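Letters A, B, ... mirror the listed sequences (proteins, then strands); counts begin at 1. Keep in mind that this is a model prediction, so the values were computed, not measured.
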Amino acid sequence: MADLSKTRILASADELAREVPDGATIVVFKDSGVPMETARALIRRGAKDLHLVTVPTSGLFADLLIAAGCVATIETAGVSLGEFGPAHNFARAVKTGTVTIRDSTCPAVYAGLQAAHKGIPFMPLRGLIGSDLMRVRDDYRVIDNPYGENDPIVAIPAIRPDIALVHVPLADRFGNLWIGRAAELRILAQASARTLASAEEIVEDNILEDERLAAACLPRHYVSALAQAPRGAWPMDMPGRYGVDSGHMRGYAEQTREAAGTAAYVRALVEAAPAAAE
Amino acid sequence: MADLSKTRILASADELAREVPDGATIVVFKDSGVPMETARALIRRGAKDLHLVTVPTSGLFADLLIAAGCVATIETAGVSLGEFGPAHNFARAVKTGTVTIRDSTCPAVYAGLQAAHKGIPFMPLRGLIGSDLMRVRDDYRVIDNPYGENDPIVAIPAIRPDIALVHVPLADRFGNLWIGRAAELRILAQASARTLASAEEIVEDNILEDERLAAACLPRHYVSALAQAPRGAWPMDMPGRYGVDSGHMRGYAEQTREAAGTAAYVRALVEAAPAAAE
Amino acid sequence: MITAIAGLLEGCGHIAVGVLSPIPGSAALLTRARTGARVSIIGSADPEFRTDGGVDLFDSAGQGRIDAFFLSGGQIDGEANVNLTGIGEYPELDVRWSGAFGSAYLYFLVPRVILFRAEHTRRIFVPRVDFVSAPGTSAPNVYRPGGPYALVTNLCVMRFDRAAARFRLQSLHPGHTLEEVRDNTGFDFDAADDPAVTPLPDPTTVSLIRGDVARDIAGPYPQFARDVLGTTGP
Amino acid sequence: MITAIAGLLEGCGHIAVGVLSPIPGSAALLTRARTGARVSIIGSADPEFRTDGGVDLFDSAGQGRIDAFFLSGGQIDGEANVNLTGIGEYPELDVRWSGAFGSAYLYFLVPRVILFRAEHTRRIFVPRVDFVSAPGTSAPNVYRPGGPYALVTNLCVMRFDRAAARFRLQSLHPGHTLEEVRDNTGFDFDAADDPAVTPLPDPTTVSLIRGDVARDIAGPYPQFARDVLGTTGP
């Protein structure tokens, strides 16, 4: 039985983070509103053993959760801080085996989620054959294209996360989310059992009743809980609202080059009051 | 080599119709702007032997093109005039074999187009096994789910139309289309080699530069040609602009109950001046 | 009939209905008024009820997010096979209907599919459908979380036993007899010798139907609300 | 290098570039200024260049709508295998890089993949990559409309012969020698005894680069436009 309950409106990202049980499989989109405040809230609550699926790649979100010891397994097409350089905590955790890595490639992550989105057990995908990814991902199979002759094609199994974590520019008090051009958030939400959302702004009026907004909305039926988190993507950017905090990102990249610096960064973050209480 | 050319802005739906060669496979969405003026233009130019794919069903669009003898084959999950009753011309043409029918079911039409959209040769789909549709559609195959045990699943081959015909509420002079909630139009356009669009209104400013509109746009790269066609969905509705012309629809349903009435309706349509010249 | 169908929808969280189905629509909205269930009306423009457009409905069903759906048929047989395609020899049929629409998929995926046909005659309820648009039952290895749950007509309510692949009469509408149902049904079905009678709506339900349901249904189905439930809409 | 890459893009209708690739980006924009080709810059906010978001890029490549793409690598070998994953024994590598990103797909689907690496050393150009993130060649029955087309470094331009699975030196950048390239390349490749020299941009091209390209590139790559092409942006 689905959708009986309304979206619950929570007071803060910290309350959202309490909805994520240890060991949950969570999925997060690479940009257009990365739920960084929710990531910090997960660290503050001491989340453990998360299985993190990045769509299809990640940067600070994955690196920071790994740095704080919240992640047991990461499934990703790549983790990098982009113009700010390598993701040191990710690389360290993979090299020492403290995090289990399930390496993928961007369209394979999408294919797995879209299979779940369509309710099919797998999605065919071109490419990949001959890549060592096929050697290390024994869940990726090669099947015969029934419409070809001697035409192998890869089957990517459905990825069905427990929880999609999203951060959006605008939501309404009913739980409808305006996702803008980030149509991928629809895939995340529909492939996942539940969606926990934070929003820069929560408005009173039903945004589905505005035809221009409605065209790019994720309806509340997919959203289990919603909390307001102003500047919730900081220090990453929120397109149309604020840019990346380059100074902070450069500092993070520099400080976390060594494990000791990482420990200090995480300690400061846990000891700081949550953003909502500042 | 793709996309070298800009979208061509044409003077009328009649010019659009001249871009559709006889024998082409065309695809059309069931609502949210049915390109009826383009259908009439196809009839006026005497289009022949079209292979029509309806997404996933159709009403007046398919029935009228069939009535006028433009269609050789129709692939559809169903043709009906909805509240105005059965599609008499469709039923007559199928019964007499003047049109070849490829019966499908709604999600199978989507699956075929989405396979083309993703560049894969087929899409798995649940359901269908045991339906007589599997008997009459020998292009639908049953394969083994590589992730199950003794778990048959249907494979739907990719549908790659030559031309997507769409009608949208708003476009700009660069060829960008605002498709609103009709996200399906993106699938049609990307699965097809070319898209021919008509629009209620064509504006001067680039609609991609308006963040709220941009979220629900199909960019010009997918649009080969665009023509303005005010009330271009008439007598069907254009959500947010005008409703269905129930009087005309009832008259059509009544008049085309017999072949003689159909002939008179089509003759009147061909003899009438095109809408743009009125 | 609205109340009988609503009884079959008990416990459903998300019910999908076609825009041309006012009686099932009313039943779904009655369930909504009682339990807060979500109702999606295919083709509705109302943001409260509309589905995201064509493809979303089928994806939702695939995700297991639709609990109940209604299906009709030009022919329905005793194994709950549904024919929406036509009568005669395919493809050049004697009678051609619109086509299978989503039936060949939703009948497999939605847990409670309620067959609804107001006309209960041997023209509809045949020994064997001419064309199986959507099969009532499947081999055990076929993935099928959904299927036929009940059949509601102007005469009675039947429940479908998926293991036995047979209908069983659940109740007769007031004023109708088992003999009348047998006379008008082309297939065999199970029934108690003295079948129950479909209960009439209690006063609370009547007031819900004339109140909340009539108000909600006037948006997607204005003519039905006006003619049958006696409201002039919002 | 911008001009050399632009030469390799001749005839392409749609070129995709990463937002962190200003030199390939400039070459793509030069091609755009010359022929009207479409350029998509992954991660760009500019409506003229942006792609529809993550999934659209891969769908477009699958549809055959992307003609050229750039790929770099932590290691690249003589069969054009690319390693973006790391050095050592998987998974607990000695050096771990970011990951394969879209390479294991786009390398198969995009007709002209241009390998670009400014640093030409034996650290990068190895006899055999430790991990094949994306293979340079495939068995004949593997669907592969795309693949490696050329390699551009700070020393030279090489073309890749897919049938022979070998690189062939196309030209040396002015001031560099074949011996220098051999010394800095860990794999064997074909070369004429007296290789051609990469042509310098002609005056028309120089003015295009300083004009249209510098203006266009200032949006997605402001720092590069300022520091290298000498513009202050729009």
A/Glu200 (side chain) donor-acceptor with A/Gly232 (main chain) under 3.5 angstrom: yes

From the list A/Gly78, A/Ala182, A/Pro56, the residue making the most non-hydrogen contacts under 4.5 Å with chain D is A/Gly78

May I ask you to say whether D/Asp59 pairs ionically with D/Arg65, meaning some side-chain N is under 4.0 Å from a carboxylate O? no

Check each atom of A/Ser32 against the heavy atoms of chain D and say whether the ones under 4.5 Å are side chain, backbone, both or neither. neither

Using heavy-atom distances under 4.5 Å, tell me whether D/Val82 contacts chain A through its side chain, its backbone, both, or neither. neither

So which of A/Ala87, A/Pro86, A/Ala91 has the largest heavy-atom pair count under 4.5 angstrom toward chain D? A/Ala91

Taking atom types as modelled and ignoring hydrogens, do the side chains of A/His88 and A/Glu258 form a donor-acceptor contact shorter than 3.5 angstrom? no

Answer key: most heavy-atom pairs under 4.5 Å with chain A among D/Ser133, D/Gly86, D/Gly62, D/Ser138 is D/Ser133

Turns out that what part of A/Arg92 lies under 4.5 Å from chain D's heavy atoms comes down to neither

Check for me whether the distance between the ring centres of D/Phe70 and D/Phe116 falls short of 6.0 Å. no

For D/Gly73, does its backbone N or O pair with a side-chain atom of D/Arg117 as donor and acceptor, under 3.5 Å? yes

Out of A/Val55, A/Thr57, A/Ile187, which one racks up the most heavy-atom pairs below 4.5 Å with chain D? A/Thr57

When only pairs under 4.5 Å are counted, which of D/Ala104, D/Pro91, D/Ser103, D/Ala139 shares the most heavy-atom pairs with chain A? D/Ala104

Is the backbone of D/Gly136 close enough, under 3.5 Å, to the side chain of D/Asn81 for a donor and an acceptor to pair up by distance? yes

Comparing A/Asp31, A/Ile129, A/Thr76 against chain D, the one with the most heavy-atom pairs below 4.5 Å turns out to be A/Ile129

Is D/Phe101 in contact with chain A via its backbone, its side chain, both, or neither, using a 4.5 Å heavy-atom distance? both

Under 6.0 Å from the ring centre and within 45 degrees of the ring axis: does the NZ or CZ of D/Arg144 meet both conditions for the six-membered ring of D/Phe108? yes

So which part of D/Thr137 gets closer than 4.5 Å to some heavy atom of chain A, the side chain, the backbone, both or neither? neither

Between A/Tyr252 and A/Asn89, does any side-chain donor sit less than 3.5 Å from a side-chain acceptor? yes

Under 4.5 Å heavy-atom distance to chain D, tell me which part of A/Thr100 shows up: side chain, backbone, both or neither. neither

Contacts of residues 136-154 of chain A with chain D (heavy atom under 4.5 Å): A/Val136, A/Asn150, A/Asp151, A/Pro152

Is it true that a side-chain atom of D/His120 and a backbone atom of D/Phe125 form a donor plus acceptor pair closer than 3.5 Å? no

State whether D/Asp190 and D/Arg166 are salt-bridged, where the test is any N-O pair (Lys NZ or Arg NE/NH1/NH2 against Asp/Glu carboxylate O) under 4.0 Å. yes

Pick from A/Leu125, A/Val109, A/Asp103 with the largest number of heavy-atom pairs that fall under 4.5 Å of chain D: A/Asp103

Any chance you could measure D/Ile15, atom CD1, to D/Ser40, atom OG, to the nearest 0.5 Å? 9.5 Å

Polar side-chain atom of A/Tyr242 near backbone of A/Ala233 as donor-acceptor pair, under 3.5 Å: yes

